[in-house]
Amino acid sequence: MAIRRWLVFELIEKIYKIAIACLIINTIWSMLGGTIVALIFGNSGNHANAVFGDYIMIFFVPFMIMGEELFSIGILETLRTKWGLSTMISTLITSVIFGLIHLNTYNGGNVLRTIIQILLVQVVARLIFNYAYLKTSSIWTSYAVHLVFDLVFLFVLPFVIPK
């Protein structure tokens, strides 16, 4: 019994460490990617998520994120298991699809800027979310990383950086 308890705590610790590491890496990379896009294209136009600072959406975001996770992990696992693609190729394809479903969200009128932003931010974020899932074999880990990241960037950051 003590050994089982120890294994459970060890598993929880592993998931926690991976989730925190992925959250930190994703935060740093997203800020860096956003900065690169801003340096190249400037800050003109609306190239951010329209939900940014819309606090009524806080009730919907957890469900939307779970939908994105089910969609993305579903594609990832289909590519890996049914199509027999490698984990690397499956992850890359899933990440590009994830980026593309965000095209309308981040479209500010400049197609090149939008594509670069999606490649630098959303595609890389999905790579990180997939890593969290693959290392723990749990959609809950990728969901937690994705949810905390989005909640911070959509609802906490507006207190620091107003629209």
Side-chain angles (χ1 to χ4, degrees), residues 3-37 47-82 85-106 117-163:
I3 293 174
R4 279 181 42 187
R5 228 181 257 157
W6 179 75
L7 289 173
V8 169
F9 285 121
E10 190 174 278
L11 177 63
I12 290 170
E13 182 181 18
K14 174 186 175 187
I15 290 171
Y16 176 76
K17 285 179 179 177
I18 290 170
I20 294 298
C22 288
L23 185 58
I24 290 169
I25 292 166
N26 195 33
T27 300
I28 292 168
W29 179 257
S30 293
M31 290 190 298
L32 182 62
T35 301
I36 292 168
V37 171
H47 300 282
N49 195 319
V51 176
F52 185 80
D54 186 358
Y55 295 102
I56 194 69
M57 290 300 292
I58 201 165
F59 300 106
F60 301 101
V61 167
F63 301 103
M64 294 162 43
I65 299 302
M66 181 52 83
E68 288 183 5
E69 288 303 310
L70 291 169
F71 176 78
S72 297
I73 299 302
I75 292 171
L76 175 68
E77 287 302 328
T78 299
L79 294 173
R80 289 176 66 209
T81 58
K82 294 194 179 187
L85 296 178
S86 71
T87 300
M88 170 105 44
I89 298 298
S90 300
T91 296
L92 289 172
I93 292 170
T94 303
S95 298
V96 170
I97 292 170
F98 180 80
L100 291 174
I101 66 171
H102 287 83
L103 187 66
N104 193 46
T105 304
Y106 293 94
Q117 177 171 343
I118 284 172
L119 288 173
L120 286 177
V121 181
Q122 279 68 39
V123 170
V124 174
R126 183 74 251 166
L127 290 171
I128 294 167
F129 301 150
N130 284 356
Y131 176 81
Y133 165 74
L134 292 166
K135 289 305 275 185
T136 62
S137 300
S138 174
I139 193 170
W140 292 107
T141 309
S142 60
Y143 173 74
V145 173
H146 192 166
L147 180 65
V148 170
F149 178 80
D150 277 19
L151 288 176
V152 167
F153 272 80
L154 296 175
F155 303 112
V156 175
L157 210 56
F159 284 115
V160 180
I161 306 170
K163 277 186 178 181

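Taking CD1 of Ile73 as the reference point, atom OG1 of Thr78 lies at 11.0 Å (rounded to 0.5 Å). Between Cys22 atom SG and Lys17 atom NZ the span is 14.0 Å, to the nearest 0.5 Å. In this structure, CD1 on Ile97 lies 11.0 Å from CZ on Arg126, to the nearest 0.5 angstrom. Here the straight-line distance linking atom OG1 of Thr141 with atom CG of Leu134 works out to 10.5 Å at 0.5 Å rounding.
No side-chain heavy atom of Val152 sits under 4.5 Å from any side-chain heavy atom of Leu23. Using a 4.5 Å heavy-atom cutoff, the side chains of Leu151 and Val61 are in contact. Looking at heavy atoms from C-beta onward, Ile93 lies out of side-chain contact with Ser90 at the 4.5 angstrom threshold.
Sequence neighbours left out, not one pair with a member in residues 23-36 passes salt bridge (charged side-chain N to carboxylate O under 4.0 Å, His left out).
Taking each heavy atom of Gly99 and Val123 in turn, the nearest pair found is CA-CG2, 4.2 Å. Heavy atoms only, all atoms of each residue included: Ile18 and Ala132 are closest at CG2-CA, 4.0 Å. Across Ser95 and Leu127, no two heavy atoms sit closer than the pair OG-CD2, 3.2 Å. Across all their heavy atoms, Arg80 and Thr87 have their closest contact at NE-OG1, 3.2 Å. The two residues Leu147 and Pro62 make their nearest non-hydrogen contact at CD1-CA, 3.7 Å. Residues Val121 and Ser30 share a closest heavy-atom pair of CG1-OG, 3.9 Å.
Exactly one of Thr94, Val124, Val145 qualifies for a side chain to side chain contact (heavy atoms under 4.5 Å, CB included) with Phe129. That residue is Val145. The one candidate from His146, Glu77, Glu69 that meets the side-chain hydrogen bond (donor to acceptor under 3.5 Å, both in side chains) condition with Tyr133 is Glu77.
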Query raised in the report: How far apart are the C-alpha atoms of Phe98 and Asn130, what are their side-chain angles, what is the distance that settles it, and do they pass the side-chain contact (heavy atoms from CB on, under 4.5 Å) test?
Result: CA-CA 11 Å; Phe98 180 80; Asn130 284 356; over 6 Å; no
Query raised in the report: Could you walk me through whether Leu100 and Ile118 pass the side-chain contact (heavy atoms from CB on, under 4.5 Å) check?
Result: CA-CA 7 Å; Leu100 291 174; Ile118 284 172; 5.7 Å; no
Report task. Start with the C-alpha distance between Leu92 and Val96, add both sets of side-chain angles, then the distance that settles side-chain contact (heavy atoms from CB on, under 4.5 Å), and finish with yes or no. Result -> CA-CA 6 Å; Leu92 289 172; Val96 170; 5.7 Å; no
Query raised in the report: Can you list the steps and then say if Phe153 with Thr27 is a side-chain contact (heavy atoms from CB on, under 4.5 Å)?
Result: CA-CA 9 Å; Phe153 272 80; Thr27 300; 3.9 Å; yes
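Judged by distance alone, with hydrogens and angles left aside, the side-chain atoms of Lys135 form no donor-acceptor pair with the main-chain N or O of Lys14 at under 3.5 Å.
Counting non-hydrogen atoms of other residues, nucleotides and ligands closer than 6.0 Å to OH of Tyr131 gives a total of 12 or fewer.
With sequence neighbours excluded, the residues that form a ring-ring contact (aromatic ring centres under 6.0 Å, His included) with Tyr143 are Trp140.
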